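See below for the structure under consideration.
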4 protein chains.
Amino acid sequence: MIIKIDFESEIPIYEQLKRQIIQGIAKGDLSKGEELPSVRQLAEDIGINLHTVNKSYNLLKDEGYLVVDRRKGTRVSDTMPEPNEKYIDNLKEEIGYISADAYCKGIRKEEFLSVCEKYFNDFIANGEDESNGR
Amino acid sequence: MIIKIDFESEIPIYEQLKRQIIQGIAKGDLSKGEELPSVRQLAEDIGINLHTVNKSYNLLKDEGYLVVDRRKGTRVSDTMPEPNEKYIDNLKEEIGYISADAYCKGIRKEEFLSVCEKYFNDFIANGEDESNGR
Amino acid sequence: MIIKIDFESEIPIYEQLKRQIIQGIAKGDLSKGEELPSVRQLAEDIGINLHTVNKSYNLLKDEGYLVVDRRKGTRVSDTMPEPNEKYIDNLKEEIGYISADAYCKGIRKEEFLSVCEKYFNDFIANGEDESNGR
Amino acid sequence: MIIKIDFESEIPIYEQLKRQIIQGIAKGDLSKGEELPSVRQLAEDIGINLHTVNKSYNLLKDEGYLVVDRRKGTRVSDTMPEPNEKYIDNLKEEIGYISADAYCKGIRKEEFLSVCEKYFNDFIANGEDESNGR
DNA sequence: GTGGTCTAGACCACC
DNA sequence: GTGGTCTAGACCACA
């Protein structure tokens, strides 16, 4: 799986990395239980600081996406995280803002929904056969 | 229109304010051409520094949401901003990530889409009679 | 001569007015010795404050563009102002910056010069028969 | 590259700084990708507040002249900004006024054009070998 | 170390 | 009255 960092983005590097790993899991590029490169290895590959990769891994571990195994290193969790209340609230707020912005800028509801649907269909097509862990 | 700032949030105050103003416009709480409170007034009302309000106003002005009338102060623009290429790219990336995260956490496509649709319907119901400036 | 003020511009109203009067003179819309509307009249026509018009007139008077006559009111001067040292320095600085900006943005020298030339030709065509006051 | 601020000028400090950086890029004093001093460093060197430098940097970043690399700080962008419609309109208005003023003050077309040309030739001579990024 | 955020208080230009 | 500019000092996130 290819990681692409934009060093000039306003989004922190650790956040970009975290997001790409999550998208990698959704798209099926990373399978449940699959081992991730070591912190050191990945940091070198991407050309970023070791601590930055570590931060991403730890956040993903805290969220339930990754598990750290002493022997096997860092792997994708076998079960995906449950959506807790805080996440749901956050998601609604985020969607509330994004859709308001899009609406004001003249994006039509159908356009917006079709973009969302497109992504979902992608995820389902590639990941469904792995039964989504639930 | 009521502004509610979460001082514990990781989202900067100026960004929270900016988002709420955009949502206010989308929902119709703020009409095209409507005068906004002065930076000093709003800062005092919310209990934040005037420079923070100023930053929000300036970002919204740069984006095309607000205009500064030399005689009347700050007003909502009569014409909403056009979606430029950068915005579209950003939007797709954002939706790509959010939907990936949601998908992994077990949110079903229908649930996700219905939330989006609900917001849009709200905007349209409240704002359509003002013809959306386009 | 038509005055058009942009109340949302970052350029002060009095400066916009001043510039348009100068351009009116250069283009020949305003002739040497021609009477300008009274401060009160112009302010009302444009829909701006009386003091603002007054400021423009005074600046133009100080620069030598206008003369104030107790009986005849404000008129365009019969002789155009001489370019003093301060003006020349200022002009060079301004051109230095504008051309640098244009160059960086990929405007070709020929394009830039042709725009400048176009304006000058306009002025000469319309004003030359009035012998330019010198 | 030497920055010289006129504290008596009516042009804001951040604007003077911005202009000099743009001219520095045009003249080749600042190369594509070159690192700029940190806001704190430059502020101290010039003897102004770091927020003022920050404002200049941010404006230049918004315009596309500078980029902020999360690892290396602020650098000159590898690609110069494209001239958008707003810029072109602005440029024409500015040239329209400046040339009108110059014409009235007796500057001859040839003089005006030769000054413009001189600057451009300077930029080209010093910067062309860096291929201007386009 | 870097830039980003927020606060505070001052002065000024404009209208 | 409005927003714009500048200063000063503090804290934080990021790498």
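Worth knowing before you read on, the calculation uses all heavy atoms, side chains too, and leaves out hydrogens, waters and symmetry mates. This is a predicted model, so every value here is computed, not measured.
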Legend entry - Criterion side chain to side chain contact (heavy atoms under 4.5 Å, CB included) on B:Ile48 and B:Tyr14, from CA distance to verdict: CA-CA 10 Å; B:Ile48 60 176; B:Tyr14 76 85; over 6 Å; no

Legend entry - side-chain contact (heavy atoms from CB on, under 4.5 Å) partners for B:Asp29, two or more places apart: B:Met1, B:Lys27

Legend entry - B:Tyr65: partners by side-chain hydrogen bond (donor to acceptor under 3.5 Å, both in side chains), with sequence neighbours left out: A:Asp101

Inset, instruction - State whether the side chain of B:Ser77 and the backbone N or O of B:Met80 hold a donor-acceptor pair below 3.5 Å, judged by distance alone. - result: no

Inset, instruction - Sequence neighbours left out, what passes side-chain hydrogen bond (donor to acceptor under 3.5 Å, both in side chains) with B:Glu93? Give chain and number order. - result: none

Legend entry - For D:Lys105 against C:Pro83, the heavy-atom pair lying closest together: O-CD, 3.1 Å

Inset, instruction - Could you list the residues that satisfy side-chain contact (heavy atoms from CB on, under 4.5 Å) with B:Asp62, not counting sequence neighbours? - result: none

Atom pairs and distances, side-chain donor-acceptor, residues 15-26 of chain A, under 3.5 Å, sequence neighbours left out:
residue	atom	partner	partner atom	Å
A:Glu15	OE2	A:Arg19	NE	3.2
A:Gln16	OE1	A:Asp6	N	2.9
A:Gln16	NE2	A:Asp6	O	3.0
A:Gln16	NE2	A:Ile11	O	2.9
A:Lys18	NZ	A:Glu63	OE1	3.3
A:Gln20	OE1	A:Lys4	N	3.0
A:Gln20	NE2	A:Lys4	O	2.5

Inset, instruction - Can you tell me which stems DNA chain E forms, taking runs of 3 or more consecutive Watson-Crick or G-U pairs with both distances under 3.5 Å? - result: E:1-14 with F:1-14

Legend entry - Residue-level proximity of residues 5-16 of chain C to DNA chain E when a heavy atom falls under 4.0 Å: C:Pro12, C:Ile13, C:Tyr14

Inset, instruction - With side chain to side chain contact (heavy atoms under 4.5 Å, CB included) as the test, would you mind laying out the steps for A:Ile98 and B:Glu94 before giving the verdict? - result: CA-CA 9 Å; A:Ile98 292 178; B:Glu94 204 66 30; 3.6 Å; yes

Legend entry - Set of side-chain contact (heavy atoms from CB on, under 4.5 Å) partners for A:Asn54, sequence neighbours left out: A:Val39, A:Asn58

Legend entry - By salt bridge (charged side-chain N to carboxylate O under 4.0 Å, His left out) - contacts of B:Asp69 (at least two apart): B:Arg71, B:Arg75

Legend entry - Boundaries of the chain C footprint along DNA chain E (any atom under 4.0 Å from a heavy atom): E:dC14 to E:dC15

Legend entry - DNA chain E contacts made by residues 42-71 of chain D, counting heavy atoms under 4.0 Å: D:His51, D:Asn54, D:Lys61

Inset, instruction - Determine which pairs satisfy salt bridge (Lys or Arg N to Asp or Glu O under 4.0 Å) with at least one residue from residues 34-59 of chain C, sequence neighbours left out, and list them in order. - result: none

